[in-house]
Amino acid sequence: MSDATIWLGLIGMMVMTLLTRSGIVVWPGPIHLPPRLQRALRFAPMAAIAAVILPSLIWSPQGDVIGLLDPRPLSAFACLLGWWISRQMSVCLTAGIVVYALGMLAL
Amino acid sequence: MQDPGSRSRWLSDPAAAMGVRDMVPAMVAMVAWGIVTGVAMVQSGLSTGQALGMTLMVYAGSAQLTSLPLFAAAAPLPIIWASALIVNLRFVLYGVAVKPFFQGFSWPRRLLFGFGNVDVLSAEFLRRFDPTRLKTASLVSEHPPGFLQSAIRYFKSAALTIWAVWTASSVVGILLAQWIPAAWGLDFIGTLALIALLLPMITGRAELLCVVVASMAAVLSAWMPLKLGILVAMLAGVIAAMWIPEAQTEPHHE
């Protein structure tokens, strides 16, 4: 690919980001939704984030099945346990990262 | 915008401070994925300038990572653009959800607000600020007083924080690409940070149902190309949340 083609590709991708993220926000008119739907939409990003997590504990980015005794599911479990015990985000994250780092070093 | 807060006022504003504080787990995710994405861009053959351009212009990690093999294989541009559009489709729903807050702004400002509205920010912002509490018809009759202003200050500070952390981490990844081996498994730190971000959000039955249904739908639709599975899971999670009546009436703290 020539340099110009790559830059054209990047500009087009920027347009896609603006279209999807800003399009509706820039659109002049208000959008009238039933309150029930408007409230439910607040759950959309939370659902998208949840949707990233579980598959990445089951499959590696290359598509192989990970297995339960891998640092990845173990550290995710440590996060869960840390949150369960402390109800502190920092404890939850630290527990996960420590178990993951130990697991990666042990392998 | 009739924003009375000068720059110095909005930085010391409690809502702005809360916006930054809420982004802490998200920042960890952005550092991990920013570096990983920076490394991936360089390793797929983009020049340093192009990689920097991509990070600044596109500002959408999943679309960037999806496009890299396409650039490397010299795929036709319409294919690259279409796949970026599809991977980014989930943002349309976030736009619909946050739109009522920005109705009073000029279009260039709304363009910027939209550009900054990434997953992690949207998730925390919408949890803090319920758009159905706004009287969208007129900002003057805004109710309760100060709600809209707090929301805007929160959004601005959180959006700037996330953008800065993501951009800085991408630059680190781009510049240090050859010293950061994939074997470190840095990308998974991002997933752990998402877990730490998600768990505190599960404050009621509706949230729990939403997360469980979305997770299961994501596993079942993981075979789909271009992250379409995430879109399916998101819709499933939103529909599930609609099902629980508490989600409609639950009083919302700020």
Side-chain angles (χ1 to χ4, degrees), chain A residues 1 3 5-28 30-31 33 35-59 61 71-72 75-76 79-80 83 89-90 92-93 96-97 100 104, chain B residues 25 50 53-54 57-60 67 74 77 80-81 84-85 88-97 99 102-103 107 110-111 113-115 117 119 122-123 126 131-132 136 185 188 191-196 198-201 210-211 214-215 218-219 222 230 233-234 237-238 241-242 247-248:
Chain A
M1 267 182 147
D3 265 9
T5 316
I6 290 178
W7 280 107
L8 201 60
L10 296 182
I11 291 168
M13 287 180 72
M14 177 179 71
V15 171
M16 295 309 168
T17 297
L18 287 172
L19 210 63
T20 50
R21 275 218 283 261
S22 305
I24 297 277
V25 181
V26 170
W27 182 262
I31 293 179
L33 295 176
R36 190 185 164 92
L37 182 59
Q38 180 86 59
R39 287 229 166 131
L41 278 180
R42 295 170 51 224
F43 290 82
M46 191 196 297
I49 288 171
V52 173
I53 297 172
L54 193 54
S56 64
L57 300 180
I58 300 179
W59 296 285
R72 284 165 282 191
S75 59
C79 273
L80 204 61
W83 173 251
M89 186 283 296
S90 52
C92 163
L93 184 57
I97 291 178
Y100 182 64
M104 292 298 279
Chain B
Q50 287 158 348
M54 182 183 246
M57 289 157 62
V58 182
Y59 189 40
S67 75
L77 291 185
I80 292 176
W81 295 333
L85 177 67
N88 283 343
L89 272 182
R90 67 185 188 285
F91 295 131
V92 175
L93 286 194
Y94 308 170
V96 175
K99 180 176 171 63
F102 304 123
Q103 284 300 78
W107 74 262
R110 296 209 299 278
L111 193 79
F113 281 125
F115 188 71
N117 191 21
D119 304 81
S122 215
L126 289 167
T132 54
T136 48
F188 192 75
T191 307
L192 291 174
L194 282 196
I195 296 175
L198 190 67
L199 287 175
M201 288 189 184
C210 169
V211 165
S215 302
V219 170
I230 294 192
M234 187 170 84
V238 168
M242 261 178 99
Q248 317 305 323

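Lettering follows sequence order; numbering is per chain, from 1. Source: prediction; values computed, not measured.
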Where B/G185 and A/Y100 come nearest, the two heavy atoms and their spacing
O-OH, 2.7 Å
Pick whichever of A/L54, A/I49, A/L19 has the most heavy-atom pairs under 4.5 Å with chain B.
A/I49
In terms of heavy-atom proximity below 4.5 Å to chain B, should A/W59 be classed as side chain, backbone, both, or neither?
side chain
Indicate yes or no for a side-chain donor-acceptor contact from A/R36 to the backbone of B/M242 under 3.5 Å, with no hydrogens or angles considered.
yes
Selection from A/I58, A/T17, A/D3 maximising heavy-atom pairs under 4.5 Å formed with chain B
A/T17
Output the option from B/G53, B/P200, B/G237 having the highest count of non-hydrogen pairs under 4.5 Å with chain A.
B/P200
Heavy-atom distances under 4.5 Å only: say whether A/I31 touches chain B with side chain, backbone, both or neither.
both
Which atom of B/I195 lies closest to which atom of A/A76, heavy atoms considered:
CD1-CB, 3.7 Å
Approximate separation, where rounding is to 0.5 Å, of A/W7 CH2 and B/M54 CE:
10.0 Å
Highest number of heavy-atom pairs under 4.5 Å with chain B among A/I97, A/I6, A/L33 belongs to A/I6
Could you report the tightest heavy-atom contact between A/L41 and B/V96, atom names first, then the distance?
CD1-CG1, 3.5 Å
Which bit of A/L8 is near chain B, if near means a heavy-atom gap under 4.5 Å: side chain, backbone, both or neither?
both
Work out which heavy atom in B/A233 is nearest to a heavy atom in A/A47; give both atom names and the distance.
O-CB, 4.3 Å
Of the listed residues (B/P25, B/A60, B/A193), which shares the most heavy-atom pairs with chain A below a 4.5 Å separation?
B/P25
With a 4.5 angstrom heavy-atom cut-off, is it the side chain or the backbone of B/L77 that approaches chain A, or both, or neither?
side chain
So which part of A/L18 gets closer than 4.5 Å to some heavy atom of chain B, the side chain, the backbone, both or neither?
side chain
Between A/A44, A/C92, A/G96, which has the largest tally of heavy atom pairs under 4.5 Å with chain B?
A/A44
For A/P28 and B/R110 the tightest heavy-atom approach is CA-NH2, 3.9 Å
Smallest heavy-atom separation, B/T132 atom then A/P35 atom, equals CG2-O, 4.0 Å
A/M13 side, atom CE; B/N88 side, atom CG - distance, nearest 0.5 Å:
7.5 Å
Checking A/R21 now: which residues fulfil side chain to side chain donor-acceptor pair (under 3.5 Å) with it, not counting sequence neighbours?
none
Check the pair B/F91 / A/M16 against side-chain contact (heavy atoms from CB on, under 4.5 Å), numbers first and verdict last.
CA-CA 11 Å; B/F91 295 131; A/M16 295 309 168; over 6 Å; no
Option in B/F188, B/F113, B/W107, B/Y59 with maximal non-hydrogen atom pairs under 4.5 Å from chain A:
B/F188
Would you mind checking which part of B/F115 comes under 4.5 Å of any heavy atom in chain A, side chain (CB onward), backbone (N, CA, C, O), both or neither?
both
Using non-hydrogen atoms and a 4.5 Å limit, figure out which bit of A/S90 sits close to chain B: side chain, backbone, both or neither.
neither
Top contributor to chain A contacts, counting heavy-atom pairs under 4.5 Å, from B/I80, B/I230, B/L199:
B/L199
Side chain, backbone, both or neither: which part of B/L111 has a heavy atom under 4.5 Å from chain A?
both
Holding to side chain to side chain donor-acceptor pair (under 3.5 Å), I want the full list of residues that pass it with B/D119, two or more places apart in sequence or in another chain.
B/R90, B/Y94
